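Everything numeric in this text was worked out from a predicted model, so none of it was measured. We count residues from 1, following the sequence as given. Counting starts at 1 for both ligands and their atoms, in listed order. Any value given below was found using the heavy atoms of this structure, including those in side chains, with hydrogens, waters and symmetry copies removed.
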Amino acid sequence: MQKLAIQGGYRLNGEVKISGAKNAALPIMCASLLTADELHLANLPDMHDVKTMVKLLQQMGVRIEADTFNAAQVDKLEAPYDMVKTMRAAILVLGPLLTRFGEARVSLPGGCAIGSRPVDLHIKGLLAMGADIHIEHGYIHATARRLHGAQICFDLVSVTGTENLMMAAVLAEGVTVLENAAREPEVVDLANCLIAMGAKIAGAGSDKITIEGVDKLHGARYSVMPDRIESGTFLVAAAATGGHITLTGSRANTLDNVLEKLRTAGAMINVQDDRINLSMDGRPRAVNVRTAPYPAFPTDMQAQFMALNAIADGRAIVVETIFENRFMHVQELQRLGAQIEIEGNTAVIQGCQSLQGATVMATDLRASASLVIAGMVAQGETIVDRIYHLDRGYEHIEAKLSALGAKIRRIN
Ligand code: EPZ
């Protein structure tokens, strides 16, 4: 089991290149299943979940070499449990397999640390499009001679639900309208890639997406958007350590709410093209956050702001409205001395002057990031255990942080 050893008390200074977005890369890689032509994908991040998705697609018969994905010879229409259990995003092969090949067998993802995370909305939408679906032995078995367009209104905003049904609709017969659709930038990035492949999609980025089915999609060249959550994570780390950093290769207009919260915390931020500069002089001020679907404050940044508030001046309220159990980082932050009280989906954080280093355990991807941030500001050494969670969603994070002046090293 690998760990990270962090010496606290070092400010972050310098420049860091933002990688491609994990949550755009994963659905876009699945889009390769929708055509027999070559899909060339640039800016894919080098992280565990992307490697898992490559393996999943290759075991189906997709030929993947460097940035080229080719699904001309897909011969296995299945996403097996042993792959789905480690990466829920594997559910995103369901829509593409069903709409291009008429069949798919995909393991139910099962729960995960942050919540039950069902896929009932994905299934409900595919049924509305004419799929025949049986759930048995933990697998979703879906068949359809040819999917047809449908009017689908999501009970809840679902990012991968919107992405799965958008991909199912691009080759369906007729028009599909997705209402109460997710507006996340990663949904827009997927739509832009599908449009480059010949899909007819209007309204991506709004809560109403209209897709006119076509008979075939062709290949394309597409570059994945920069990761807004990685961007936000580095900005919070710089604010927490009182540093001055510049992000390059980022896209500030996908981070408006996060940048606004950082300014409220006292950070000086300016944006120029794909660069975001942040400097924080002195201790941050406490800042309240409430997670909600885009463009509101992202749930994937909640844990990071919890770490910032742990050492901020004042009292902060953090409300998590998306997942029912996304406070696992709280008890780990409390081991570092953070003063946090939880009441249901609300946490009240009384900022401390300082935290004390300790051994803590990562429980999910973004919780891990919050523990790394806290470790960088705590006095003494912090050991973060189970960092495979971190490696799933961040590309070379300790190398990037070390280059910014953090004292952080990986130990076995
Ligand atoms: C995506 O997960 C992201 N993952 C998550 O990022 C992110 O936290 C989440 O969206 C919310 O923004 C990817 O894009 C690969 P949802 P997703 O469907 O699509 C409920 C990370 O850290 N729901 O938008 O699985 C669900 O339980 C990860 O990178 C249903 O009830 O999330 C949740 O409460 C973590 N039924 C809410 O909706 C469904 O069929 C939002 O979930 C689907 C979802």
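K216 contributes no side-chain N or O that, together with a main-chain N or O of T35, makes up a donor-acceptor pair within less than 3.5 Å. Side-chain atoms of D227 come within 3.5 Å of backbone N or O of E230 as a donor-acceptor pair. A distance-only check finds a donor-acceptor pair linking the side chain of T162 to the backbone of A182 [under 3.5 Å].
From the protein, the heavy atom lying nearest to atom 43 (C) of ligand 1 is P118 O, 3.3 Å. Among protein heavy atoms, the minimum distance from atom 11 (C) of ligand 1 is reached at T299 CG2, 3.8 Å. Of the protein's heavy atoms, R117 NH2, 3.4 Å lies nearest to atom 2 (O) of ligand 1. Considering only non-hydrogen protein atoms, atom 16 (P) of ligand 1 sits nearest to V159 N, 3.7 Å. The closest protein non-hydrogen atom to atom 36 (N) of ligand 1 is D120 OD1, 2.7 Å. For atom 20 (C) of ligand 1, the closest non-hydrogen atom on the protein side is L156 CD1, 3.8 Å. In terms of protein heavy atoms, atom 15 (C) of ligand 1 is closest to N23 OD1, 3.4 Å. Taking atom 9 (C) of ligand 1 as the reference point, the nearest protein heavy-atom neighbour is F323 CZ, 4.0 Å.
Among D300, I322, V157, the residue whose heavy atom lies closest to atom 5 (C) of ligand 1 is D300.
By the 4.5 Å heavy-atom criterion applied to side chains, L165 and F154 are counted as neighbours.
Side-chain atoms of T248 and E15 include no donor-acceptor pair closer than 3.5 Å. T233 and Q304 share a donor-acceptor pair across their side chains, judged by distance under 3.5 Å alone. In this structure, a donor-acceptor pair under 3.5 Å is present between the side chains of Q2 and R410.
Contact annotation: for E186 versus ligand 1, there are no heavy atoms closer than 4.0 Å. In L121, the parts holding a heavy atom less than 4.0 Å from any atom of ligand 1 are both the side chain and the backbone. Here E163 has no heavy atoms under 4.0 Å from ligand 1, in either its backbone or its side chain. Neither the backbone nor the side chain of Q302 comes within contact range of ligand 1; no heavy atom lies under 4.0 Å. Contact annotation for L365 and ligand 1: only side-chain heavy atoms (C-beta onward) come within less than 4.0 Å of the ligand.
A side chain to side chain donor-acceptor pair (under 3.5 Å) with R326 holds for exactly one of T321, T363, D300, T291; it is D300. Between H329 and the choices Q302, R366, Q334, the side chain to side chain donor-acceptor pair (under 3.5 Å) rule is met once, by Q302.
Distances shorter than 4.0 angstrom do not occur between any heavy atom of M87 and any atom of ligand 1.
In the vicinity of R366, heavy-atom distances shorter than 4.0 Å reach the ligand 1 atoms 21 (C), 22 (O), 29 (O). Annotation for ligand 1: atoms under 4.0 Å from non-hydrogen atoms of V119 are 39 (C), 40 (O).
The stretch residues 66-75 participates, sequence neighbours left out, in these side-chain hydrogen bond (donor to acceptor under 3.5 Å, both in side chains) pairs: H40-T68.
Cation-pi check for R105 over Y139 is met; the charged atom lies under 6.0 angstrom from the ring centroid and within 45 degrees of its normal.
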